Q: 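Quick one: structure below, then a few questions.
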Amino acid sequence: MKPDSKDQKSRKAGIARATGSVAIATLASRVLGLVRDMAIASYFGAAGKTDAFFVAFKIPNLLRRLVAEGALSSAFIPIFTEELNKSEVEANRAVQATFGFTLLLTILLSLLGIFFAEDLTAIFAPGFLAVGSQEKFDLAASLTRLMFPYIILVSLLSV
């Protein structure tokens, strides 16, 4: 059975409200992230440990933006809307498939990130390899390993 136009309008309004909620939450997240960065910088200064933290945070965060907020959102929302117009069962299948794929992809990316943390740190912070900065480089690589599982949880949340 094809839903009537009133039901379709109601669903579209619900999707619009949900999209608006996600947009507001994303904006709030960005503002709170800025406040976090400002607090860290004012409390710790621009010291080596702070630099190591920011590099370690930046690497998985970039992947999250590419995977969860970039390609996933662009591809998923139109498909989900189309499936929802067909039936809720099909929409739920689309969500489950996307959730499963995202889980597998982000676990793989996290494992690769943990395994290649030193190489990634060298790419993202080549200055840390300078003479006298080995301690900062090692700290950044260790923190990168700790931060990578974050991509799994945040990506699943974005689904």
Side-chain angles (χ1 to χ4, degrees), residues 11-84 87-126 128 135-159:
R11 283 186 182 172
K12 286 181 181 181
I15 291 170
R17 280 191 300 275
T19 303
S21 296
V22 169
I24 290 169
T26 301
L27 176 64
S29 171
R30 298 295 186 255
V31 170
L32 290 173
L34 176 63
V35 170
R36 176 203 61 224
D37 291 350
M38 291 169 59
I40 289 171
S42 72
Y43 185 75
F44 293 108
K49 291 180 182 178
T50 307
D51 293 344
F53 169 77
F54 282 129
V55 167
F57 185 74
K58 177 91 43 203
I59 296 169
N61 203 36
L62 174 65
L63 288 174
R64 175 196 54 86
R65 286 181 184 164
L66 293 174
V67 174
E69 292 175 2
L72 180 64
S73 295
S74 298
F76 178 70
I77 291 172
I79 292 170
F80 176 74
T81 304
E82 183 179 319
E83 295 301 320
L84 187 59
S87 77
E88 285 189 30
V89 172
E90 293 299 319
N92 285 335
R93 283 188 188 147
V95 170
Q96 290 171 355
T98 303
F99 192 86
F101 176 76
T102 302
L103 179 63
L104 290 175
L105 178 65
T106 55
I107 287 173
L108 177 65
L109 287 173
S110 291
L111 291 173
L112 288 170
I114 290 167
F115 185 75
F116 291 108
E118 289 179 350
D119 298 319
L120 290 168
T121 303
I123 291 168
F124 279 84
F128 285 10
E135 184 179 328
K136 189 187 326 185
F137 177 83
D138 292 341
L139 178 61
S142 294
L143 290 173
T144 298
R145 284 187 183 93
L146 290 173
M147 293 294 294
F148 253 98
Y150 149 87
I151 191 176
I152 299 168
L153 300 175
V154 172
S155 296
L156 292 177
L157 180 64
S158 79
V159 172

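All values derive from a computational prediction rather than experimental measurement.
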Q: Quick one: OG1 on T81 to CD1 on I15, what's the gap to the nearest 0.5 Å?
A: 4.0 Å
Q: Quick one: does I59's side chain get under 4.5 Å of F148's, heavy atoms only?
A: yes
Q: For residues A56 and L143, report the shortest heavy-atom separation together with the two atoms involved.
A: CB-CB, 3.3 Å
Q: Could you walk me through whether I107 and L111 pass the side chain to side chain contact (heavy atoms under 4.5 Å, CB included) test, one step at a time?
A: CA-CA 6 Å; I107 287 173; L111 291 173; 4.0 Å; yes
Q: Work out which heavy atom in I151 is nearest to a heavy atom in S110; give both atom names and the distance.
A: CG2-OG, 3.0 Å
Q: Donor-acceptor pair, S29 side chain versus A25 backbone, under 3.5 Å?
A: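 No, the answer is negative, given that no donor and acceptor are paired below the 3.5 Å cut-off.
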Q: Under a 4.5 Å cut-off applied to non-hydrogen side-chain atoms, are L104 and L108 in contact?
A: no
Q: Can you list the steps and then say if F124 with L62 is a side chain to side chain contact (heavy atoms under 4.5 Å, CB included)?
A: CA-CA 11 Å; F124 279 84; L62 174 65; 3.7 Å; yes
Q: Decide yes or no for L139 and F128: does some side-chain heavy atom of the first lie under 4.5 Å from some side-chain heavy atom of the second?
A: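 A side-chain contact is absent here, since even the closest heavy-atom pair is not under 4.5 Å.
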Q: How long is the gap from CZ on F101 to OG1 on T106, to the nearest 0.5 Å?
A: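 It comes to 9.5 Å.
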Q: Can you tell me how far apart CG (L84) and CD1 (I79) are? Round to the nearest 0.5 Å.
A: 13.5 Å
Q: On a heavy-atom basis, which atom in R145 and which in A117 lie closest, and how many Å separate them?
A: CG-CB, 3.5 Å
Q: Quick check: closest heavy atoms across F57 and R36, and the distance to 0.1 Å?
A: CE2-NH2, 3.4 Å
Q: Working to the nearest 0.5 Å, report the span between OG1 of T121 and CD of E118.
A: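 One finds 7.5 Å between OG1 of T121 and CD of E118.
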Q: Can a donor-acceptor pair be found, under 3.5 Å and without considering hydrogens, that links the side chain of S155 to the backbone of I152?
A: no
Q: Atom CG of L27 and atom CG of L32: how far apart are they, to the nearest 0.5 Å?
A: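 It comes to 9.5 Å.
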Q: Ignoring hydrogens, what is the shortest heavy-atom contact between A94 and E83? Give both atom names and the distance.
A: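 Closest pair (atom of A94, atom of E83, distance): CB-CG, 4.2 Å.
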